[in-house]
A.B. asks: 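Take this structure first; my questions come after.
Just so you know, these numbers come straight off a predicted model, no measurement behind them.
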Amino acid sequence: MDFHEEIYAPPPGPPEPPRINCLECEGVFTTSDALHEHVFTSHPIASPVLLHRGVVCGSATLLVQRATKPADWSVVNCDWTRVDEVVVPPERLGEHLSRESGFVKVEIGNMRTNTTYKFDFAIAAEQDLIGVDNVLEQLLDKVEKVAEFEITPKSISSDFLDRTAPFDTARKYAEGIAEYLYWLAHRRAGGASDVALDREKLNRSAELLRHMHRPVALAVTSLISLYHNHFEEAADRALSRGLHAVAARLARMLTAGAQPVDPGRIVHDLADLERRLIDKRTQALIDLCRLPIDASATDDVAGFDHIYVATESYDRTKAHLFIAEYHLATGTPYTERLIRAAGQNGVPEHWVESRLNLIGDEG
């Protein structure tokens, strides 16, 4: 398996301008300079603000896993700054933070008030990241080649976490992968879903991996997004054209206001890494959602095994959405019942209303 395969990217287009919200009003700006001028003129006694790569830092500890440059940091409405109780001139704050590591407390203030931020600088060395990738590859190889060896909490501990321990700077990266593997092990074992525990593990995994532009991180975070039915995000992060196409199709199904979209079969495959990081239920749903939306797929849609999704609300939503769209496109007489069933299984009300209106218009 090649963890360094080319990452799929959609055709380039003009980048969206950044959106920086003023914390004092509803103003939105595209540069920190514009925000600074606005605050200076419109909110002369506003609170000081720290921005990281154009995004206002929040109250929760911010994990920083990618190296930063001084220009990545800026302050607004700020007269003074301190880093771990050491006074730093505001104009030198970016330079200072770009050299930091570990846990750091930053205080910024003006004559009116002050704000405190906390950061965890965990910037991994490339060799350590490669080391973690290699250990994961060996674990997945072992699953395929060794009879009765599976991903379990025990094998995650002994064959992944213990073996990635020497790659200290990439500990957060390894932890993010491990959280996903624990969820995957439980799902492959067919255990009953624990919604709260699943959400905790997958959210923690996504938090640790979302800023890592590496094949493993993109594969894991896109699959997490697909599982949670965040289809646009899954499409944006997808490692392969196959997963991108499936997620984008589902996203368009939810937003289209006219006839069902994308009638043809999705012919692109998943990346090898994606295939090795999913379970049978997810694979069955992806296979279902790749089908052509025409009469040629009637038997496949009718034969879809709902046992795969009987216990998972997120899975039921995907299955009901696609099946209802399929029957709407092919004009079966019980389409209305399927649309209403989709609405009872997590598909948004606006979709239900638009599809029922479509049936009424056609009638």
Side-chain angles (χ1 to χ4, degrees), residues 1-5 63 65 101-103 120-228 237 239-240 243 270-283 308 311-312:
M1 174 176 55
D2 185 1
F3 279 14
H4 309 287
E5 58 192 293
L63 176 64
Q65 292 181 277
S101 62
F103 289 95
D120 179 5
F121 289 88
I123 300 168
E126 179 64 20
Q127 287 304 309
D128 282 356
L129 293 169
I130 292 173
V132 172
D133 285 345
N134 289 339
V135 172
L136 177 63
E137 182 172 3
Q138 291 160 13
L139 172 67
L140 298 179
D141 284 344
K142 192 172 181 180
V143 170
E144 291 192 344
K145 296 177 181 178
V146 177
E148 299 184 0
F149 181 84
E150 298 178 352
I151 294 177
T152 64
K154 181 178 179 181
S155 66
I156 294 167
S157 178
S158 61
D159 288 70
F160 182 71
L161 287 174
D162 288 352
R163 296 188 59 210
T164 58
F167 308 117
D168 183 60
T169 67
R171 68 189 186 283
K172 297 288 188 181
Y173 180 58
E175 182 184 339
I177 296 170
E179 290 285 12
Y180 178 79
L181 292 177
Y182 282 124
W183 172 83
L184 181 64
H186 179 74
R187 188 163 161 99
R188 285 184 174 180
S193 176
D194 184 328
V195 175
L197 183 61
D198 286 350
R199 183 182 298 112
E200 178 184 342
K201 288 194 173 299
L202 293 180
N203 286 349
R204 177 62 175 162
S205 177
E207 176 189 356
L208 292 171
L209 298 178
R210 63 181 176 173
H211 296 302
M212 305 296 290
H213 195 71
R214 304 181 67 80
V216 171
L218 290 172
V220 168
T221 53
S222 62
L223 290 169
I224 290 173
S225 295
L226 182 69
Y227 171 73
H228 281 139
R237 290 181 169 272
L239 194 63
S240 68
L243 188 62
L270 300 184
D272 186 55
L273 179 56
E274 292 167 336
R275 179 184 60 79
R276 302 173 83 178
L277 286 172
I278 62 176
D279 61 286
K280 290 181 179 179
R281 277 181 281 175
T282 302
Q283 183 66 66
Y308 278 124
T311 61
E312 286 280 356

A.B. asks: Is it true that, when you exclude Glu200 itself, more than 12 heavy atoms of the residues, nucleotides or ligands shown sit nearer than 6.0 Å to its CD?
C.D. replies: no
A.B. asks: Please tabulate, for side-chain N and O atoms in residues 160-168, each donor-acceptor pair with protein atoms closer than 3.5 Å (sequence neighbours left out).
C.D. replies:
from   : atom 1 : to     : atom 2 : distance (Å)
Arg163 : NH1    : Gln138 : OE1    : 3.0
Arg163 : NH2    : Gln138 : OE1    : 2.5
Thr164 : OG1    : Phe160 : O      : 3.0
Thr164 : OG1    : Leu161 : O      : 3.1

A.B. asks: Please find the pair of heavy atoms, one from Thr169 and one from Ala125, that lie closest to each other, and give the distance.
C.D. replies: OG1-N, 2.9 Å
A.B. asks: Flag the pair Lys280 / Arg188 as yes when at least one side-chain heavy-atom distance between them is below 4.5 Å, and no otherwise.
C.D. replies: no
A.B. asks: What residues, two or more places apart in sequence or in another chain, satisfy side chain to side chain donor-acceptor pair (under 3.5 Å) together with Glu144?
C.D. replies: Arg275, Arg276
A.B. asks: Could you list the residues that satisfy side chain to side chain donor-acceptor pair (under 3.5 Å) with Thr282, not counting sequence neighbours?
C.D. replies: Arg187, Asp279
A.B. asks: Nearest 0.5 Å, please: how far is CZ in Arg210 from OG in Ser222?
C.D. replies: 15.5 Å
A.B. asks: Before you tell me yes or no, could you show the steps for Leu270 and Leu239 under side chain to side chain contact (heavy atoms under 4.5 Å, CB included), namely the whole-Å CA-CA distance, both residues' side-chain angles and the distance that decides it to 0.1 Å?
C.D. replies: CA-CA 8 Å; Leu270 300 184; Leu239 194 63; over 6 Å; no
A.B. asks: The criterion is salt bridge (charged side-chain N to carboxylate O under 4.0 Å, His left out); which residues satisfy it with Glu179, sequence neighbours excluded?
C.D. replies: Lys201
A.B. asks: For the atom pair CD1 (Ile177) and CG (Leu184), what is the distance rounded to the nearest 0.5 Å?
C.D. replies: 12.5 Å
A.B. asks: In chain order, what residues pass the side chain to side chain donor-acceptor pair (under 3.5 Å) check against Tyr180, with sequence neighbours excluded?
C.D. replies: none
A.B. asks: Of all residues at least two apart in sequence or in a different chain, which pass the side chain to side chain donor-acceptor pair (under 3.5 Å) check with Ser101?
C.D. replies: none
A.B. asks: Any sub-3.5 Å donor-acceptor pair from Gln283's side-chain atoms to Ile278's backbone N or O?
C.D. replies: no
A.B. asks: Is a side-chain donor-acceptor pair under 3.5 Å present for Asp128 with Tyr173?
C.D. replies: no
A.B. asks: Looking at Lys154, is its backbone amide N or carbonyl O close enough to the side chain of Ser158 to form a donor-acceptor pair, meaning the two atoms are under 3.5 Å apart?
C.D. replies: yes
A.B. asks: Residues in side chain to side chain contact (heavy atoms under 4.5 Å, CB included) with Phe103, at least two apart?
C.D. replies: Asp120
A.B. asks: My understanding is that only residues two or more places apart in sequence, or in another chain, count here; which of them pass salt bridge (charged side-chain N to carboxylate O under 4.0 Å, His left out) with Asp159?
C.D. replies: Lys142
A.B. asks: With rounding to the nearest 0.5 angstrom, report the CG to CG distance, Leu136 to Leu140.
C.D. replies: 4.5 Å
A.B. asks: When you compare the side chain of Leu277 with that of Glu274, does any pair of heavy atoms fall below 4.5 Å?
C.D. replies: no
A.B. asks: Which distance, rounded to the nearest 0.5 Å, do you find between the OG1 of Thr221 and the NE2 of His211?
C.D. replies: 10.5 Å
A.B. asks: Could you go through Ile156 and Thr152, starting from their C-alpha distance and side-chain angles, then the distance that decides it, and tell me whether this counts as side chain to side chain contact (heavy atoms under 4.5 Å, CB included)?
C.D. replies: CA-CA 6 Å; Ile156 294 167; Thr152 64; over 6 Å; no
A.B. asks: State the CG-CH2 distance between Leu223 and Trp183, to the nearest 0.5 angstrom.
C.D. replies: 8.0 Å
A.B. asks: Please enumerate all residues that pass salt bridge (charged side-chain N to carboxylate O under 4.0 Å, His left out) together with Glu150, with sequence neighbours excluded.
C.D. replies: none
A.B. asks: Once rounded to the nearest 0.5 Å, what's the spacing between atom CG of Leu202 and atom CD1 of Ile224?
C.D. replies: 5.0 Å
